[in-house]
Amino acid sequence: MRVALFVSEFEDPFTDALCKGAVKAVKEMGYDLYIFPVKFLDSKENPAIDSYTYHNNCLLNFIVDKNIDIAIVNTGNIAADLNVKDKKKFLQKIPVPIILISDTLQGYSCVNFNNRPGMAEGIEHLIKHHNRRKFGYVSGPKNNTDAMERYEIFKHSMEINHIPPEQYEIAEGNFAYNCTEVIEELLDRYPDMDALVCANDMMCYGAYQILEARNIKVGEDIAVLGFDDAPYSADISPGLSTVKADPALLGYEAIKLCEKTLKGEILESLVGTVFVVRESCGCPRSDVEADKKNLLSVKGHLDALNHTLVAISKNILDYEEKNNKIYSMILNSLCNINVHSVYLYTFEKEIEYRRGEEWDRPEYVKLRAYYKEPHKRKINILYQPMPIYYYPVDSQDIKEIDGSGEMIPFGSIFSNAYRNCSGSVISVVTLLYAGESQYGFLVWEIDEDYFSYIGQLTYQVANALKTNRLLSKKNQMAMALEESLQQVREKNSILEEISKVDELTQIYNRRGFLDNMKRNVIAKENIGRPAMAIYADMNNLKLVNDQFGHEEGDYSLRAIGTILHDAIHSIDGKGDVGRVGGDEFCAYLITDAKNCEEQIRRQIDKITEELNCDNDKPYYVSMSVGIKHFICSEDVNVSLELEQADGQMYIYKQKKRKSILKQKKAE
């Protein structure tokens, strides 16, 4: 059986856990699973969503009767902003039987949480154990099944515990961290509130910031109860009392319903919930917290991810003369993490797609290159001096397709002569786009531990393809405008700037930075002068992305670039800054100033502290920095100097702060 699973985004811990539960079930049942991260439908009003993520909605059109038997759709998440009529309209476009997750619609099988046991117990605990009587409740969106059920449970709990309506206030939230205005308004309306219940943990995280700003102590002045037991709920301070609802069980149970649903049965499965006690309700902290992560494993995955992101950019920017080999070069970089197979498809022509348009499924796509693991690879560790985890890949196993063999009917993208899969197949399909342009898509088979990194890798591949197209267009334009040298210079200048500037931070990218540094290190006026190579790495980017959203992660990366730029230019000399990939930055400074390393570090610390004090962010932005001194000459290998600075950086990275959250100021 071939099952499609439509989810929002792997960066969401709920989705990541849901997928892992589905993976476990399909392995037991022997099914094939194809996961599509389609983001969110009709999410125009959500400021946390990137302007172009609507492209991912097109993945809903990737299934046809020939390639998928049944679809599981997490409508409770991806369609939370749609009313019932619009949900049904969108579901009717899927040409196979459907199972819903976190939602209930007439005529569809579904899997939902049984919200009542855990939530009712949590509210009773606040009332009977902590004598809380004045409640505020922040619900989820009215179109969400779980949100409405939790709302009814709250009202019923108030009734059976003889708390009249005048002793509680209700506000509608959005299940997101950024619901702070709703919470502010609720506190203004009901300042005597001594208990706050939120329909999920993410809204509690936002409430923590508001309560801290008002000097209201969680667990003392007010009790707080959430729902979901999200990954950070045990780690924030004070620990969040919540209702544990395991998304993995939703994914697992949905797979178990597939066979009966295909036979025409309409079924509903309920997954239980339990109350988890922590300090936010007023109870003392427990010394035992289960399910702690293997930090070494997480560190290994992050190191592998960062080096893979840099490698993809390096390949396209350093070797533009090999543009025709870009597809195999990309896969060669990707496969250094634990990828079992990956297929890179492109559309015959770039698709220009704008929000609200109809997306026409192409008849054919081009399979440009693929990798299929010939045998189980063993992890290697490269020490420099911190360990980098990677999986060696033989470049001969990267297959590039040429000629007529690359044309694949769209209905055969999951089953064609190049796949030859045996046993259960667990694949993830991600769309390659940049701006309004769609280039193609990737079909991955990768360990589920890496699911949360797939989004970053996909964006990097799309950027590489975009840059490749820009460089190709530059060469074509140069040939076409050969007779008009002035036009050639103007066009090349524009494209050169595009290819050398990082789009997010507006500082140099890897290619632009290396060109600038090499040019100044060998400049006649600088020969013999002392210089520094600087390598910096933002601390805790993934934590910022996971806890506060990718818009905040982008803000943090821009801030790191600004801090490093301002620190370099605060000292007399010649220097500049670049972002070389992911969360890594480089800089150089040619200066005769004394104690220049001490000055640079002092300036970085000063500017960083000022930024964190002046902004209203609930987290710290910081970086780890390594510095290597050298003398300018024509023989200097700037890449080697930066590599040695990178090695020095890991010594300082061990000293980074453990928590990204800003501590509450002492009264």
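When reading the values below, keep in mind they use all heavy atoms of this one structure, side chains included, and skip hydrogens, waters and symmetry mates. It should be emphasised that the depicted structure is a prediction, and the values quoted were computed from it without experimental measurement.
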Report task. First locate atom CG of L432, then atom NE2 of H55, and finally report the distance between them rounded to the nearest 0.5 Å. Result -> 11.5 Å
Query - Euclidean distance, L331 CG relative to L442 CG, rounded to 0.5 Å - result: 7.5 Å
Query raised in the report: Would you say the side-chain atoms of D12 pair up with the backbone N or O of E9, donor to acceptor, closer than 3.5 Å?
Result: no
**Report entry** salt bridge (Lys or Arg N to Asp or Glu O under 4.0 Å) partners for E436, two or more places apart
**Finding:** R354
Query - Lys/Arg-Asp/Glu bridge criterion (N-O < 4.0 Å) met for R510, E584 - result: no
Requested in this report: Would you confirm whether Y650, through its side chain, and G626, through its main-chain N or O, come within 3.5 Å as a donor-acceptor pair?
Outcome: no
Report summary line: With sequence neighbours left out, the residues meeting side-chain hydrogen bond (donor to acceptor under 3.5 Å, both in side chains) with R361 are none
Report task. Only counting residues at least two apart or in another chain, list the ones meeting side-chain hydrogen bond (donor to acceptor under 3.5 Å, both in side chains) with Y31. Result -> E259
Query - ring-ring contact (aromatic ring centres under 6.0 Å, His included) involving F62 - partner list, sequence neighbours excluded - result: W359, F410, F441
Requested in this report: Decide yes or no on side-chain contact (heavy atoms from CB on, under 4.5 Å) for V577 and T505, but give the supporting numbers first.
Outcome: CA-CA 11 Å; V577 179; T505 60; over 6 Å; no
Requested in this report: In sequence, state the C-alpha distance, the side-chain angles, and the governing distance for Y52 and Y433, and then conclude on ring pair (Phe, Tyr, Trp, His ring centres under 6.0 Å).
Outcome: CA-CA 9 Å; Y52 296 104; Y433 67 89; 7.6 Å; no
Report summary line: S452 meets the side-chain hydrogen bond (donor to acceptor under 3.5 Å, both in side chains) criterion, sequence neighbours left out, with none
Query raised in the report: Can you find a pair of side-chain heavy atoms, one from V7 and one from N77, that are under 4.5 Å apart?
Result: no
Requested in this report: Kindly indicate whether the side chain of K500, heavy atoms from C-beta on, has any atom under 4.5 Å from the side chain of N509.
Outcome: yes
Requested in this report: For the residue pair L60 and L41, establish whether any side-chain heavy-atom pair is separated by less than 4.5 Å.
Outcome: yes
Query raised in the report: Does the side chain of I337 come within less than 4.5 Å of L457's, by heavy atoms?
Result: yes
Report task. Go through the structure and list residues passing salt bridge (Lys or Arg N to Asp or Glu O under 4.0 Å) with D576, not counting sequence neighbours. Result -> none
Query raised in the report: Is any side-chain heavy atom of Q644 closer than 4.5 Å to a side-chain heavy atom of Y535?
Result: no
**Report entry** Least distance between heavy atoms, A533 atom then M517 atom
**Finding:** CB-CE, 4.1 Å
Query raised in the report: Would you call K87 and D103 a side-chain contact if the rule is heavy atoms closer than 4.5 Å?
Result: yes
Requested in this report: Applying side-chain contact (heavy atoms from CB on, under 4.5 Å), run through D447 and H340 and close with a yes or a no.
Outcome: CA-CA 8 Å; D447 283 356; H340 303 305; 2.5 Å; yes
Query raised in the report: Between C58 and L431, which heavy-atom pair has the shortest distance, and what is it?
Result: CB-CD2, 4.5 Å
Query raised in the report: Has E363 got more than 12 heavy atoms of other residues, nucleotides or ligands less than 6.0 Å from its CD?
Result: no
Query - Cationic N near anionic O, under 4.0 Å, K256 to E28 - result: yes
Query raised in the report: Going by heavy atoms in the side chains, are M1 and C258 under 4.5 Å from each other?
Result: yes
Query raised in the report: Just by distance, do the side chain of Y343 and the backbone of Y418 share a donor-acceptor pair under 3.5 Å?
Result: yes
Report task. Output the distance between atom CG (L59) and atom OG1 (T430), rounded to the nearest 0.5 Å. Result -> 8.0 Å
Report task. Using atom types as modelled and distance alone, determine if a side-chain donor or acceptor of D69 lies under 3.5 Å from a backbone N or O of R2. Result -> yes
**Report entry** Test item: L514 and L642 side chains (from C-beta on) under 4.5 Å apart, heavy atoms
**Finding:** yes
Query raised in the report: Can a donor-acceptor pair be found between the side chains of N67 and S415 at a distance below 3.5 Å?
Result: no
Report task. May I ask you to decide if I454's main-chain N or O and T458's side chain share a donor-acceptor pair within less than 3.5 Å? Result -> yes
Requested in this report: Examine distances only and state if a side-chain atom of N637 and a backbone atom of L640 form a donor-acceptor pair shorter than 3.5 Å.
Outcome: yes
Query raised in the report: Sequence neighbours excluded, which residues qualify as side-chain hydrogen bond (donor to acceptor under 3.5 Å, both in side chains) partners of K27?
Result: none
Query raised in the report: Just wondering, are more than 12 heavy atoms of other shown residues or ligands nearer than 6.0 Å to CD in E357?
Result: yes
Query raised in the report: Stepwise, does the side-chain contact (heavy atoms from CB on, under 4.5 Å) test hold for N332 with M329?
Result: CA-CA 5 Å; N332 192 65; M329 291 163 60; 5.6 Å; no
**Report entry** With sequence neighbours excluded, residues passing salt bridge (Lys or Arg N to Asp or Glu O under 4.0 Å) with R558
**Finding:** none
Report task. Spell out, as yes or no, whether a donor-acceptor pair under 3.5 Å connects the side chain of D86 to the backbone of L82. Result -> no
Query raised in the report: Who passes ring-ring contact (aromatic ring centres under 6.0 Å, His included) against Y364, sequence neighbours left out?
Result: none
**Report entry** Minimum heavy-atom distance C19-I35, with the two atoms named
**Finding:** SG-CG2, 3.9 Å
Report task. Compare every heavy atom of S427 with every heavy atom of R419, then report the nearest pair and how far apart it is. Result -> NH2-OG, 3.4 Å
Requested in this report: Report the residues that fulfil salt bridge (Lys or Arg N to Asp or Glu O under 4.0 Å) with D32, sequence neighbours left out, ordered by chain and then residue number.
Outcome: none
Report summary line: Heavy atoms of A80 and G76 approach each other most closely as CB-O, 3.6 Å
Report summary line: Distance col, row K378:NZ vs N338:CG, nearest 0.5 angstrom, shows 13.5 Å
Query - OH-CG distance between Y439 and N463, expressed to the nearest 0.5 angstrom - result: 8.5 Å
Report summary line: Across all chains, not counting sequence neighbours, the ring-ring contact (aromatic ring centres under 6.0 Å, His included) partners of F585 are none
Requested in this report: Mind running side-chain contact (heavy atoms from CB on, under 4.5 Å) on Y327 and L465 for me, showing each step along the way?
Outcome: CA-CA 9 Å; Y327 307 109; L465 292 179; 3.8 Å; yes
Query - Gap separating the CD1 atom of I98 from the CD1 atom of I72, nearest 0.5 angstrom - result: 11.0 Å
**Report entry** Nearest atoms (heavy-atom pairs only) where I507 meets G561
**Finding:** CD1-CA, 4.1 Å
Requested in this report: Check side-chain contact (heavy atoms from CB on, under 4.5 Å) between A248 and all other residues, then give those that pass, not counting sequence neighbours.
Outcome: D246
Query raised in the report: Between D515 and Y508, do the side chains contain an N or O donor and an N or O acceptor separated by less than 3.5 Å?
Result: no
